Amino acid sequence: MAKMYHKEKSIQIKSSASALYNNLSVLRIAPRCLTYFTVVHANVVNMVSASWDGLNYSHRQLQSKEGNVATSSSLIMQAAWCVLPSRDLLVLTSQKGIQMYESDGSIMVYWHALDTPETPTAKAVFARGIAAVREKYICVGVSFGSVLVFDVPSKGSNITLSEVLEEHKEAITDMASECSGNLECIADLVSADDSGLLCVWKSGEDFQLLNKIPGFDTSCSSVKLWKGTVIAGYGTGQIRLYEGVTGILHAEVTAHARWIYSLDIAPVTGLLISAAEDSWVRVWHLSLTPETNSVEIEHMYNECVTDTQICGAKFCDGDGYAFAVTGYDLSEIIRYTQA
């Protein structure tokens, strides 16, 4: 197998990565030749801004909050940038609520408190699963199975909860919007939960459920949507590719020996990255043949991060030229670029 990528200098972070699904987010700011990274540690988000020449790094830490009150000890479940046509927001989800910041983390523009049950239940309360959809929506999942749809204005803090989608019965694990930029794709959003159920949606003033793809009682920890194809990673170490609208299974790969924690796709090239508890990061190539309506997955590259439970892996650009990896208890972001 060709040596596609080589290791670059790692980026140090202030505190180590927690063992959370999809525990890495990347935002490329091309006009300023910068890339932002976020990694969650307990009740803190480590944010690093890295210049492309590798000379400048600046660090910021965001704390979980409860409303506009001082910091909270509530654990953060995920941090992810949401890129909308008019603005980028950094969204944090925790055991108490949802925090939305300007993309550089400087100002919190919105806070949404989670409904906590009057009587304590055995079920944990948290938000997890974040996706920007079309022109103006940010969707966030919660542990009771609901998907919250926020309507985001092009500027300002007048963000509103416009709809709550109630199809999942289990905690939402991850969500993804169509990333190819192809406006002919009917499906805009896929949501996944702890039972492995996938729901495929079309966005709008009222979101429409297009399809429910059953999960066979194994958790789906990470999901992507590319050119109408749903790419789902599971606790079994498998990756499945489904046609979103029909639910037809195109391919199934036993990709890892243990729980998959993170998937990402480079929308321009169709490169897919998968990362798991088994220390392996794998790069795959997806190809679609519209004539036969088939999707193929080809294994391209492996990288072992020794003795590391990998919890985040993301491409740093739309071509998949570089990717970054985080691991449980590691206080660094490991980077690879194409050789």
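As the structure is a computational prediction, the values presented were derived from the model and not from experiment. Along the sequence shown, the residues carry numbers beginning at 1.
At a threshold of 4.5 Å between non-hydrogen side-chain atoms, the residues Ile98 and Leu92 do not count as touching. Put simply, the side chain of Ile297 does not reach to within 4.5 Å of the side chain of His285, judged on heavy atoms. Between Leu271 and Trp284, every side-chain heavy-atom pair lies at or beyond the 4.5 Å cut-off. Taking 4.5 Å as the limit, every side-chain heavy atom of Leu34 sits out of range of all side-chain heavy atoms of Leu27. Counting heavy atoms from C-beta outward, Ile138 and Val91 have side chains that approach closer than 4.5 Å. Between Thr38 and Val26 the shortest side-chain heavy-atom distance does not fall below 4.5 Å. Between Met4 and Met300 there is a side-chain heavy-atom pair separated by less than 4.5 Å. Between His112 and Leu161 there is a side-chain heavy-atom pair separated by less than 4.5 Å.
A salt bridge does not link Asp317 with Arg28: every distance from a Lys NZ or Arg NE/NH1/NH2 to an Asp or Glu carboxylate oxygen is 4.0 Å or more. With respect to Lys136 and Glu205, a salt bridge is recorded, a charged nitrogen being found less than 4.0 Å from a carboxylate O. For Arg258 and Glu277, the salt-bridge test passes: some basic side-chain N is under 4.0 Å from an acidic carboxylate O. Using a cutoff of 4.0 Å between basic side-chain nitrogens and carboxylate oxygens, Asp188 and Lys202 are not scored as salt-bridged.
In this structure, the separation between CE on Met100 and SG on Cys82 is 7.0 Å, given to the nearest 0.5 Å. To the nearest 0.5 Å, the span separating OG1 on Thr326 from CG on Leu24 amounts to 5.0 Å. Considering OG of Ser331 and CD1 of Ile13, their distance stands at 6.0 Å, rounded to 0.5 Å. Expressed to the nearest 0.5 Å, how far CD1 of Ile310 lies from CD of Glu303 amounts to 9.0 Å. Rounding to the nearest 0.5 angstrom, the gap separating the NZ atom in Lys314 from the OG1 atom in Thr35 is 14.5 Å. Separation of atoms CG (Leu89) and CE (Met108) is listed at 12.5 Å; rounding is to 0.5 Å.
Contact record, Ala50 with Ile11: CB-CD1, 4.0 Å, taken as the closest heavy-atom pair. Between Ala232 and Leu263, the shortest heavy-atom distance links the atoms C-CD1, 3.8 Å. Smallest separation of non-hydrogen atoms from Ser143 and Ala124: OG-O, 2.9 Å. Between Asp264 and Ala313, the shortest heavy-atom contact is CB-O, 3.7 Å. The two residues Ala192 and Cys220 come nearest to each other via the heavy atoms CB-SG, 3.6 Å. Contact between Ile159 and Val109 at its shortest, heavy atoms only, is CD1-CG2, 4.2 Å.
For the side-chain contact (heavy atoms from CB on, under 4.5 Å) test, residues two or more places apart in sequence or in another chain that qualify with Ser180 are Glu178, Asn182, Cys185, Trp226, Lys227. Here Gln95 pairs with Ser74, Leu75, Phe126 under the side-chain contact (heavy atoms from CB on, under 4.5 Å) rule; sequence neighbours left out. With sequence neighbours left out, the side-chain contact (heavy atoms from CB on, under 4.5 Å) criterion links Asp206 to Glu163.
No side-chain N or O of His250 forms a donor-acceptor pair with one of Ser294 less than 3.5 Å apart. Inspection of the Gln78 and Thr93 side chains reveals no N or O donor paired with an N or O acceptor under 3.5 Å. In this structure, a donor-acceptor pair under 3.5 Å is present between the side chains of Asn22 and Ser222. Counted by atom type alone, His168 and Ser191 present one or more donor-acceptor pairs between their side chains at under 3.5 Å. Under the 3.5 Å distance criterion, with hydrogens and angles disregarded, a donor-acceptor pair is assigned to the side chains of Asn46 and Ser15. No side-chain donor-acceptor contact under 3.5 Å links Thr289 and Glu291.
Hydrophobic cluster membership for Tyr234: Ile186, Val190, Leu198, Val200, Leu210, Ile213, Phe216, Val223, Leu225, Val230, Tyr242, Val245, Leu249 (Ile, Leu, Val, Met, Phe, Trp, Tyr linked by side-chain heavy atoms under 4.5 Å, directly or transitively). Members clustered with Tyr137: Val133, Val147, Val149, Leu165, Ile172, Met175, Leu189, Trp201, Phe207, Leu209, by chain and number, using a 4.5 Å side-chain heavy-atom cutoff among hydrophobic residues.
Of the options Phe315, Tyr301, Tyr321, a ring-ring contact (aromatic ring centres under 6.0 Å, His included) to Tyr5 is made by Tyr301 and by none of the others.
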Pair Ile239, Glu252 - check side chain to side chain contact (heavy atoms under 4.5 Å, CB included), show working.
CA-CA 6 Å; Ile239 296 172; Glu252 184 174 44; over 6 Å; no
Tell me, with the steps shown, if Tyr110 and Phe150 meet ring-ring contact (aromatic ring centres under 6.0 Å, His included).
CA-CA 11 Å; Tyr110 183 71; Phe150 295 96; 5.6 Å; yes
One pair to check against side chain to side chain contact (heavy atoms under 4.5 Å, CB included): Ile107 and Tyr101. What are the steps and the verdict?
CA-CA 5 Å; Ile107 300 164; Tyr101 288 83; 6.0 Å; no
Take Asp194 and Arg128 through the test salt bridge (charged side-chain N to carboxylate O under 4.0 Å, His left out) and record every step on the way to the result.
CA-CA 11 Å; Asp194 259 334; Arg128 177 177 63 190; 3.7 Å; yes
Verdict with reasoning, Val39 to Asn23, per side chain to side chain contact (heavy atoms under 4.5 Å, CB included)
CA-CA 6 Å; Val39 183; Asn23 190 4; 3.9 Å; yes
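Connection of Met47 to Val83 is established within a shared hydrophobic cluster, with ILVMFWY side chains joined at heavy-atom distances below 4.5 Å, either directly or through further cluster members. Note on Val305 and Val283: same hydrophobic cluster, where clusters join Ile, Leu, Val, Met, Phe, Trp and Tyr whose side-chain heavy atoms are under 4.5 Å apart, directly or indirectly. Cluster annotation: Val40 is connected to Trp111 through the hydrophobic network of ILVMFWY side chains, with a link wherever side-chain heavy atoms come within less than 4.5 Å. In this structure, Ile130 is a member of the same hydrophobic cluster as Phe144, with clusters built from ILVMFWY side-chain heavy atoms closer than 4.5 Å. Under the 4.5 Å side-chain heavy-atom criterion for ILVMFWY residues, no single connected hydrophobic cluster contains both Leu241 and Ile273.
For the salt bridge (Lys or Arg N to Asp or Glu O under 4.0 Å) condition, the pairs that include at least one residue of residues 97-116, sequence neighbours left out, are Arg87-Glu102.
Other residues, nucleotides and ligands place no more than 12 heavy atoms under 6.0 Å from the CD atom of Glu296. Heavy-atom neighbours of Glu166 CD from other residues, nucleotides or ligands within 6.0 Å: above the threshold of 12. The 12-atom threshold is exceeded at NZ of Lys224, counting heavy atoms of other residues, nucleotides or ligands nearer than 6.0 Å. The environment of NZ in Lys14 is sparse: at most 12 heavy-atom neighbours from other residues, nucleotides or ligands sit within 6.0 Å. When the shell of 6.0 Å around CG of Asp53 is examined, it contains more than 12 heavy atoms from other residues, nucleotides or ligands.
A donor-acceptor contact shorter than 3.5 Å links the side chain of Ser94 to the backbone of Lys96.
A perpendicular orientation is assigned to the rings of Tyr21 and Tyr261, their planes being inclined by more than 60° (bins at 30° and 60°).
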